[in-house]
Each structure stands twice: as structure tokens, then as C-alpha cells.
Amino acid sequence: MYRTNTCGELRLTDAGKTVTLAGWVQRARDLGGMTFVDLRDRFGITQLSFNMERDKALCEAARKLGREFVVQATGTVRERESKNTNIATGEIELIVTKLKVLNSAKTPPFTIEEETDGGDELRMKYRYLDLRRANVRRNFELRHRMAIEVRNYLSAQHFLEVETPVLIKSTPEGARDFVVPSRMNQGEFYALPQSPQTFKQLLMVAGFDRYFQLVKCFRDEDLRQDRQPEFTQIDLEMAFVEQEHVLSLVEGLAKHLFKAVHGLEFSEPFRRMTYAEAMRDYGCDKPDLRFGMKFHELGDLAKGKGFKVFDDAEMVVGINADGCAGWSRKQTDALIDFVKRPQIGATGIVFVKWTEEGLKSTVDKFFTPEQIATWAERFGMKQGDLLCIMAGRKEKTQKQLNELRLHLGDLLGLRDPKVFKPLWVIDFPLLEHDEESGRWHAKHHPFTAPKPEHAHLLESDPGSVNANAYDLVINGTEIGGGSIRIHERELQERMFRVLGFTDEEARYKFGFLMDAFEYGAPPHGGCAFGFDRWVALFGHRTDIREFIAFPKNNAGRDTMIDAPSRIDAIQLQELGIRVKG
Ligand code: ASP
């Protein structure tokens, strides 16, 4: 037997017991006649105590232990003289009588402590060492806990967890597919699922009624802090439901998680906002509601007065930063530098300050004090406030001002990660127009149904058609989304036509789904959540990699196993593939 107890288990009540522990050497301290070793495992740290007088040979052996050696120690539990109140086992120590090195270890490339000196790259290359760190491990305890809670909740609501295949045909969720060549069908490829969308709809046709799955999905996109090429979704689908049923079920799940993980009660229903309102008030479809700073347009008041930047703009829009009128020139210049960075690409900001001396703007040359007063009024501005105004093409300006709003929120400490503001964004447009290709794209995906009262406009005025599609947004992060689906062949065919598919293309790609619709498909709808993102949010972090055991880096590489990698000539030949260059 390697051990009788874990390193996190022993307390004062165990004093006098003889026990055996096994774990990793966190640290050894040599104090002349005494040596102390902190022994660590997943469950905690226990102090091992050695004494030159008591047992010279054993004490000398302890002094030779290096960091991260794997050891087994037997001894008696004793009350400690100097107690450590920071750890659960801090009142006791083990007076060691037997010590065995189970394995030695090279000196790790970074410190295995809460704070490490290892940079990201090193941590990922030696992820198995990084995962030994207690604060990293806690992320996985949180993840595990949330997965259990999701399963328990949905299971109690009569959902069945069903696995869907990983080698499939493309499902469009707006990204590129990862493809897998088929050896038995040369020249043909599987796609890895961007989501189980079509399969879960088929499970509804199958009469499963309520399906869910914690499922890996794959999207070949450029990576960011909150994106990985493979990620996990909580995917669910329900038959015989309208939007309201899905929202209330999912809201129940979210509230359950808030309660179980953070002890937070939300007695009120989550706030709802239409897509149109979100765009008008925050310039984005996932507003962070932890703070105000709503957008207000100023075009009607500010255009046509001879200030070219405004006159030429499609949109003039601003936000009011409470209490920032006292900001120095250096501080406001820093805001301009922020929006001028290439990632944001704005040309500048017009400021209006309301100080003790009254309203003062950076465009006083072009506008009368009375005119500027009308702007201040629109924002409900008070003395002490700072108005930030941007102008340009509508979509771009909305994006840029949204970035500035979030940045100001950060600077002003208004985005506390411990405060949660959930929001449903509803009534999304069904389609969006792509200027470049001149085509309509599905805003969500092509299986989303138009609102029944808008369906007749699908061909004549596609831009005006809304969908029963919804996103759950928490603190400016899109946690998930879904929709009520099309369940009739004819409507699905019309949808594909609007999206520019020929009937043959539609049949080639999605004939199986449309065929299934002809065998009694019930009305259905559902949604999916980014599980990694949700866990990160609950862990008060933005980087989802911290919650994925073996993540990829920004270039899509796993540097630990060194993937992707070449395959050998025989494999290529079997697959009927020749690599160019
Ligand atoms: N399949 C969708 C997605 O992955 C979610 C849904 O519509 O249920 O975003």
C-alpha cells in the first residue's frame, strides 16, 4: 500500500496515529538540527519533520531530496509547535520514521507554486507540471463541479445525454471545418463537427424529446483568448417548444449554476433586450451591463454645422463618462491613442468636459455653447462629466465606441469580475448582408426559423426578417445562443435558396435533414453554451486556456506533444494524398 492518507487529510484529532503518505516534495527547509519537508499531493500539503538527534541517517536522506521528488513517508502524527493557519493541515506534522524515494525528478523549469516564474510558453510545454500548481488545479475542480451540476440539472428535467458522431459532414456554424481524409473512400473527407446541430435536430425527429450533450466541437478559426480550435459545448435541444420554453429552461440551468457554484440567487427573471436595442444603446450584441455609459446619437444635433468630421459621417455617437471631467490632457490623449491602435482603427475622439467653468469641448471653434449644451442635455450630463464622441461609418463607429466604452469601464473599475449581469438578447435578424459577396448569410445558422409572422418576407425583403433566436450574455461575454428551428422541408428549401444555394447543393449537403423533416419532424428548438467560457467566467478569468487541461497556443499548436505534425509517406499513400511543396 502506497499510502494510508492523502496530504490534505490529517488534523489535530489524528495526533498519535501512525500513517503513510505519498506525494511530491514541494520544498525542503534545513534548520541545522532539523529538516522540514512539505509533501504535496492533489489534496494538500503536509509537513514532514526530521531531526538529527532522533535519526541522523533519515535526516540526512531528507536533506538530499530535490524539488518534485516523489516520496513515501511513514511516521507519527504530532501537534506542531509553530502552527500554520494558512493550510488545513497546519496544526500537525509527521515525525518520519521511514522514508522511501519512489522516483527522483529533474529540477522543474519553473516554480510549482501559486505564483510561478514560468511564462505562458514554458507552462504549456510542461503543462503536466503546470497542472500540479494548486491554483491551476482549482480551475479543473471548478470545471468538474459545473459539469456535474449541468448533468444533474438537465437529467432532472428529463434530458437524455446522447453522443453524436465526430466524423461527419460539414455543419455550418460560420467557421472553417477541420477535415479528416478517408482511407476507405479515397478523395473523400469527413468534417469534424463545428457543433452537433443537425444530429440533435435528427434526435428530435427521432422523438427523443429532450437531448443534451457535453460535447467537443471543432472550428478552424483564428484564435483569441476566448477561442480554441477544439472546445466544449453544453448542447441541448427540445421538441414541442416555443422560444419562451427554451429561455425559461435554460435560465433555470443558469440560475442553478449561479447558486451551486457561487451561492448567488437571482430572484428576478434575467433582463431581456432586443438585438435592435442592444445595438442602439451599446453598439454591440453582447453588452456588458455591469455599468451604464449608454450610446446616444448626436447626428441630428451635430451635423451640418461646418465640422467636416461630423458632416461626412454616417453616424455621430457618444458616451458619457461620469466624473471624468477632471482627467488631464495626458489621460484623454491616452484614450485617443487607445482607439487609434490598428485593432480599433479610429481616427480620434471629440471630448466635451463639464467643469466648474462650464462646458468646454475640443471642437469649440465649430459649435456655439448653446449647441454643445443640447448635446450635454441628451446625455443627462452633469458637472464633472466627460463626453466622448466618435464619428464615421455606422458599423465601424459602433464597434470602435464599444471598445472605448469597455476600456473606460476597465479604467474606472466598473467591470468587477465578481459581479454577474446576465442578459438575454432576443429578436436577432435572421440574415445579414455581406457587402463583399453581395450575398445573404444566416446570422445564426441556416436551420434557424424566421419568426412565423415574418416568413412571407423571406424572399422579398430578407433584411427585415427576424428570428426567434437568442443569446445568453453575461458581463459582455456571449455564453451561448440558440433558436427555434425550421422543421418543414419547404421552408428549409426556401431558406437555402435565399442563402444562395442551388437546390442541388442544398440536397447534396443537407438532403438527409430535409428528408427527415418529411417523416414527422416535431417543432423544436434549443441552444448551446460555450462550456469553457462559462467556467472561465465563473472562475473570474478571461483566458479559457486556464480551464482546458491541454490547450493549443495562438498558432493552433500543442507545443507539449508538438502537434500538428507531418505524417509518413505510407500513411499519405494509403490516404491517396500528396502534399504540395
Ligand atoms: N449549434 C449552435 C451553435 O453551436 C447552437 C444552437 O443553435 O443550438 O452555436
Side-chain angles (χ1 to χ4, degrees), residues 150 154 159-166 168-178 191-205 208-221 226-239 241-243 245-251 253-254 275 285-286 424-432 441-451 466-474 477-487 492 495 499 509-510 513 521-534 544:
V150 167
L154 292 176
F159 281 77
L160 274 189
E161 183 162 17
V162 181
E163 289 177 273
T164 51
V166 171
I168 65 163
K169 209 164 160 175
S170 172
T171 32
E173 298 281 359
R176 278 187 210 95
D177 287 321
F178 282 100
L192 301 183
Q194 293 188 35
S195 84
Q197 184 62 37
T198 49
F199 288 98
K200 66 174 172 176
Q201 293 192 242
L202 293 171
L203 289 173
M204 295 303 104
V205 181
F208 275 31
D209 209 281
R210 289 179 165 207
Y211 140 95
F212 87 102
Q213 187 179 191
L214 278 162
V215 60
K216 268 289 173 77
C217 300
F218 306 85
R219 296 183 191 178
D220 188 3
E221 295 176 288
D226 62 350
R227 241 187 220 165
Q228 281 276 304
E230 52 176 305
F231 59 98
T232 305
Q233 282 192 340
I234 307 168
D235 190 45
L236 60 91
E237 196 73 8
M238 305 162 79
V241 286
E242 282 155 357
Q243 167 166 305
H245 297 113
V246 183
L247 296 194
S248 95
L249 184 287
V250 167
E251 192 165 315
L253 170 63
Y275 172 83
D285 60 6
K286 44 178 193 274
W424 283 113
V425 179
I426 56 171
D427 293 351
F428 275 82
L430 182 72
L431 301 154
E432 70 192 338
H441 289 295
K443 178 103 185 143
H444 190 46
H445 52 53
F447 314 109
T448 293
K451 279 185 187 280
N466 278 353
N468 283 323
Y470 31 80
D471 276 356
L472 179 62
V473 175
I474 305 179
T477 298
E478 182 204 321
I479 288 293
S483 59
I484 297 301
R485 327 295 187 188
I486 297 170
H487 66 281
Q492 189 67 70
M495 181 70 178
L499 295 174
K509 288 196 166 145
F510 299 111
L513 185 67
H524 60 284
C527 64
F529 298 98
F531 186 55
D532 316 276
R533 271 191 204 171
W534 204 339
I544 63 170

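Start at 1 and go down the list; that is how both ligands and their atoms are numbered. Both backbone and side-chain heavy atoms feed into the values below; hydrogens, waters and symmetry mates do not.
Polar contact with ligand 1: absent for Q194 (N/O pair, distance under 3.5 Å). At under 3.5 Å, not a single nitrogen or oxygen of E237, backbone or side chain, sits near a nitrogen or oxygen of ligand 1. Backbone and side-chain nitrogen or oxygen atoms of H445 are examined, and one is located within less than 3.5 angstrom of a nitrogen or oxygen of ligand 1. Checked by distance only, ligand 1 and S483 stay at 3.5 Å or farther apart across all their nitrogen or oxygen atoms.
For the pair E237/R485, a side-chain contact is recorded, criterion being any heavy-atom separation below 4.5 Å from C-beta on. Counting only heavy atoms from C-beta outward, the side chains of F178 and E230 never approach each other to under 4.5 Å. The side-chain heavy atoms of V166 and F218, taken from C-beta on, include a pair separated by under 4.5 Å.
Atom numbering of ligand 1 starts at 1 in the shown order; those under 4.0 Å from a heavy atom of H444 are 6 (C), 7 (O). Each of the atoms 6 (C), 7 (O) of ligand 1 lies under 4.0 Å from some heavy atom of G482. In the vicinity of A528, heavy-atom distances shorter than 4.0 Å reach the ligand 1 atoms 5 (C), 8 (O). Listed by number with element, the atoms of ligand 1 under 4.0 angstrom from any heavy atom of K200 are 6 (C), 8 (O). Set against the non-hydrogen atoms of Q233, the atoms of ligand 1 under 4.0 Å away are 3 (C), 4 (O). Annotation for ligand 1: atoms under 4.0 Å from non-hydrogen atoms of C527 are 6 (C), 8 (O).
Only the side chain of R485 comes within 4.0 Å of ligand 1, judged by heavy-atom distances. At a heavy-atom cutoff of 4.0 Å, ligand 1 is contacted by the side chain of S195 but not by its backbone.
K286 NZ: 12 or fewer foreign heavy atoms inside a 6.0 Å radius. At most 12 heavy atoms of other shown residues, nucleotides or ligands fall within 6.0 angstrom of atom NZ in K509.
By the 4.0 Å heavy-atom criterion, E478 is excluded from the residues contacting ligand 1.
Shortest contact from atom 9 (O) of ligand 1 to any protein heavy atom: E173 OE1, 3.6 Å.
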Exercise for review: Test L499 against L431 for side chain to side chain contact (heavy atoms under 4.5 Å, CB included), laying out the working first.
Suggested key: CA-CA 9 Å; L499 295 174; L431 301 154; 3.5 Å; yes
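When the side chain to side chain donor-acceptor pair (under 3.5 Å) test is applied to Q213, the partners found at least two apart in sequence or on another chain are T164, Y211. By the side chain to side chain donor-acceptor pair (under 3.5 Å) test, E161 is found to be paired with R151, residues two or more places apart in sequence or in another chain being considered.
Nearest heavy atoms, M495 versus A442: CE-CB, 4.3 Å.
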